[in-house]
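Structure, as structure tokens:
As a basis for the values below, the full set of heavy atoms in this structure was taken, side chains included, without hydrogen atoms, waters or symmetry mates. In this text, all values refer to a predicted model and were calculated from it rather than measured experimentally. Chain letters run A, B, ... following the sequence lines, proteins first and then strands; every chain starts at 1.
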Amino acid sequence: MDYIGLSELEIQRRESLKELRNLGIDPYPAEGYHVNIYTTDILSKFSDENMPKNLKSVSLAGRIMSRRIMGNASFVELQDSKGRIQLYFKRDDICPDEDKTMYNVVFKRLLDIGDIIGVKGFVFRTKMGEISVHVTEFTVLSKALHPLPIVKEKDGHVYDAVTDLEMRYRQRYVDLIINPHVKDVFIKRTKIINTMREFFNEKGYLEVETPILQPIPGGAAARPFITHHNALNIPLYLRIANELYLKKLIVGGFEGVYEFAKDFRNEGMDRTHNPEFTVLEIYVAYKDYLWMMEFTEKMVEKVAIALHGTTKVKLGDKEIDFKTPFKRISMYAAIKEYTGYDISGKSEKDLRQICKELNIEVDETMGKGKLVDAIFGEKCEDNFIQPTFIIDYPIEMSPLTKKHRSIPGLTERFELIVNGKELANSYSELNDPIDQKERFEDQLRLSEKGDDEAMFIDRDFIRSLEYGMPPTAGMGIGIDRLTMFMTDSPSIQDVLFFPQMRPEKKAEIFNESIFVENGIPEEWAKILFKSGFTSLAQLKEANPGKLHQILCGWNKKHKLGLQNPTPEQVKQWTNI
RNA sequence: GAUUGAUUAGCUCAGCAGGUAGAGCAUCUGCCUUUUAAGCAGGAGGUCCGGAGUUCGAGUCUCCGAUCAAUCACCA
């Protein structure tokens with residue numbers, strides 16, 4: 001076995017692996033292990049007076065998280081999918097006969113923290129009062145070769161926790177093993193999605209799937225990822241939204257459709273942005289945005305209660321109350337409240353001037369919509385901590401939204417803001433095909449002006465509207481953000497199992513061939529390379545005596561079991 | 001992309017106006033027979049992120065690079 005480059009702990013574990021096999025124990029057995037109880041059930045059902053029958057003979061499996069060996073009695077903490085429990089191993093119970101190998105060798109010496117075992121035994125309470133499993137038999141189920149970081153915990157106080165974010169995100173499996181609260185976040189995430197799904201299904205809306213690879217990335221303003229389809233020889237885009245496809249389904253006659261969709265945006269990454277993220281979009285025929293506002297707040301309230309049993313949720317040092325009804329305020333009223341400016345009816349030039357007076361950075365490519373959005377984003381958004389609907393957006397920033405029924409220049413649109421961040425976005429969908437075509441053309445003009453986020457024109461979408469789409473309300477909500485709010489997570493990386501990261505630095509390219517070609521045996525060539533000799537010139541400069549020592553030392557240290565070269569041989573190598 | 005900070009044992013972290021690399025846990029060897037984050041004693045374990053420079057001497061100072069984090073910018 002090639003131990004080069006391994007730490008001592010890893011070498012030890014590989015040695016233990018060999019020894020297990022020599023003893024006839026398969027460290028990775030093929031058959032399953034019969035489990036009849038979880039750690040948490042043992043703890044909750046235990047009773048000193050009236051021990052339930054099923055605790056008299058338990059069989060469970062999990063990972064060894066700590067060991068305390070006291071001669072021929074030992075304690076182990078076992079972690080399964082639900083929690084942890086203490087195991088008690090006693091030599092003469094594990095090995096009733098003369099042969100004490102299973103305890104003295106296999107358990108004490110060849111098992112390590114991180115290994116996965118199955119145990120059978122009975123439940124009891126130790127003198128110290130801890131509910132434990134007295135093990136009568138154990139089975140090695142999987143030997144861990146990579147040492148697990150050791151985290152200790154007592155009375156809620158955690159010692160030596162792994163806090164390195166890079167390790168936690170890159171090796172999420174390790175994070176999940178050693179930081180139990182991490183699992184909770186993801187269990188809650190799934191619960192959020194399930195709760196929403198139930199809410200929609202109860203009303204008879206249909207869960208659907210629409211394309212992720214799209215010839216035209218529509219439905220939002222964002223920079224897409226581009227890929228290429230070989231057979232068709234065309235570019236394809238990863239979707240930035242599923243809006244247009246879902247509306248086509250409403251045209252097709254469904255009453256309500258929804259999709260939990262992965263969207264992709266080729267933009268910056270930070271605490272609240274990941275290149276791929278999950279969005280729920282739902283469209284319901286014969287409804288408008290006022291209906292959707294009530295629908296949305298009920299849905300969010302239901303999620304909060306499903307998760308926490310109350311509408312009040314802790315978020316950092318704040319408490320958010322998701323009790324309905326949420327506050328509603330129009331966008332212009334919000335701007336007036338926080339800036340003092342009444343921007344209704346203002347021209348692009350006026351808006352630019354107002355931005356200047358408010359010290360908001362603007363550039364030439366920004367149209368009216370983006371200017372208003374800049375004012376709102378800069379001066380207002382942060383102020384809305386409790387759930388608030390911002391309603392009635394200017395037409396320029398809402399190209400897929402129906403014009404307001406009574407206020408010119410505005411659209412029937414709302415966003416839900418929580419903790420100063422946009423959570424959901426919704427509107428009465430524009431179903432006038434001619435108006436829609438004009439709005440797309442406006443976007444085209446913005447794009448020509450240099451706005452690289454302006455929407456593409458989707459002619460098939462316009463064609464679908466020409467067949468007639470019923471009045472429809474649509475809503476999109478960021479699942480990652482919702483999960484952040486509901487689990488008190490400060491960054492999106494905490495609610496994604498595998499957040500996008502820069503690739504790990506490539507391992508050094510292993511190339512000892514130059515030495516091999518010059519007659520040095522391969523095993524020694526590798527060691528030369530690993531000890532920092534990467535060229536023949538370097539080798540020539542080396543002191544042969546010292547080099548001999550380095551090589552023999554390496555052989556010993558890493559237990560390679562190679563026959564050491566003679567000093568003369570090594571001298572020869574330096575003279576190649 | 002900018003600024004600031006970080007990178008030392010498997011893990012958590014010390015270390016200094018430049019002078020032989022430290023602790024706890026984990027690991028190994030003894031002792032210890034129901035412990036409570038960690039029983040006791042002893043041992044082993046490091047390319048101090050990489051490269052160049054200053055110096056008699058660099059983990060420490062300077063420069064370049066890598067990676068990560070925080071803040072900002074960008075992100076309808």
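Counting distance only, with no hydrogens placed and no angle test, the side-chain atoms of A:E130 and the base atoms of B:U35 include no donor-acceptor pair under 3.5 Å. For B:U36, its base sits under 3.5 Å from the side chain of A:T126 at one donor and acceptor pair at least.
Rounding to whole angstrom units, CZ of residue A:R13 and C1' of B:C28 are separated by 13 Å. Taking atom CE of residue A:M70 and atom P of nucleotide B:C31, one finds them 14 Å apart after rounding to whole Å. Distance CE (A:M331) to P (B:A76): 13 Å, rounded to an integer number of Å. Note: CG (A:L165) to P (B:U67) measures 17 Å, nearest angstrom. To the nearest angstrom, P of B:A44 lies 22 Å from CD of A:E10. Whole-Å rounding puts the A:I417 CD1 to B:A76 P distance at 13 Å. Atoms CD1 (A:I395) and C1' (B:A76) sit 15 Å apart, rounded to a whole Å. One interatomic measurement links the two molecules: CD1 of A:I85 to C1' of B:U35, which rounds to 15 Å at whole-angstrom precision.
No contact: A:M397 has no heavy atom under 4.0 Å from any strand. A:R125 comes within 4.0 angstrom of nothing in the nucleic acid, heavy atoms only. Heavy atoms of A:A222 sit nowhere under 4.0 angstrom from any nucleic acid atom. Among the protein residues, A:D373 comes within range of the sugar-phosphate backbone only, with heavy atoms under 4.0 Å from sugar or phosphate atoms but none that close to a base. Across all strands, A:F124 comes closer than 4.0 Å to base atoms (heavy-atom distances).
Salt-bridge formation is not detected for the pair A:E348/A:K368: no Lys NZ or Arg NE/NH1/NH2 atom is positioned less than 4.0 Å from an Asp or Glu carboxylate oxygen. Between A:D48 and A:R125 there is a salt bridge, since a side-chain N of the basic residue sits under 4.0 Å from a carboxylate O of the acidic one. Between A:E415 and A:R413, at least one side-chain nitrogen of the basic residue sits less than 4.0 Å from a carboxylate oxygen of the acidic one, meeting the salt-bridge criterion.
Listed nucleotides: B:U71, B:A76, B:U35. Nearest to the side chain of A:E422: B:A76. The side chain of A:S132 approaches B:U35 more closely than any other nucleotide in the set B:C75, B:U35, B:G10. The listed nucleotides are B:C68, B:G39, B:G10; the one nearest the side chain of A:R170 is B:C68. Closest approach to the A:D270 side chain among B:C28, B:C75, B:U36 is made by B:C75 (side chain taken as heavy atoms from C-beta onward). Distance from the side chain of A:F75 is smallest for B:U34 among the nucleotides B:U34, B:U27, B:U33. Comparing B:U36, B:U34, B:C68 by their closest approach to the side chain of A:K127 singles out B:U34. Of the listed nucleotides (B:U35, B:A73, B:A76), B:U35 has the atom at the smallest distance from the side chain of A:R68.
When both pairing distances are held under 3.5 Å, B:G53 makes a Watson-Crick or G-U pair with B:C61. With a 3.5 Å ceiling on both atom-pair distances, B:U47 lacks any Watson-Crick or G-U wobble partner. Remark: B:C31 base-pairs with B:G39. Criterion, Watson-Crick or G-U wobble with two distances under 3.5 Å. B:C11: Watson-Crick or G-U partner is B:G24, with both key distances under 3.5 Å. Base pairing of B:A69: its partner is B:U4, meeting the Watson-Crick or G-U wobble criterion (both donor-acceptor distances under 3.5 Å).
Straight-line distance between the P atoms of B:U54 and B:G15: roughly 29 Å, to the nearest whole Å. Between B:G24 and B:U67, the two C1' atoms lie 27 Å apart (nearest whole Å). Across B:U3 and B:C64, the matching P atoms stand 11 Å from one another, rounded to whole Å. Nucleotides B:C28 and B:U34 are separated by 25 Å at their C1' atoms, to the nearest Å. Of the C1' atoms belonging to B:C13 and B:A6, the separation is 13 Å, rounded to the nearest Å. B:C48 and B:U8: their P atoms are spaced 11 Å apart (whole Å). Only the P atoms considered, B:G51 is 14 Å distant from B:A58, to the nearest whole Å. Taking the C1' atoms as reference points, B:A44 lies 22 Å from B:C32, given to the whole Å.
Between A:F107 and A:F89, the ring center distance clears the sub-6.0 Å criterion. Ring centroid separation for the pair A:F414 and A:Y427 does not come in under the 6.0 Å cut-off. Annotation: A:Y338 is in aromatic contact with A:F384 [ring centroid separation under 6.0 Å].
Heavy-atom distances to RNA chain B give each of A:R91 and A:I113 a nearest nucleotide, and the one nearer the 5′ end belongs to A:I113. When the nearest nucleotides of RNA chain B are assigned to A:P149 and A:L111 by heavy-atom distance, the more 5′-ward of the two goes with A:P149.
Within a 6.0 Å sphere centred on NZ of A:K437, other residues, nucleotides and ligands contribute 12 heavy atoms or fewer.
Relative to the ring axis of A:F497, A:R172 does not place its NZ or CZ within 45° and under 6.0 Å from the centre.
At least one side-chain nitrogen or oxygen of A:R271 sits closer than 4.0 Å to the OP1 or OP2 atom of B:U71.
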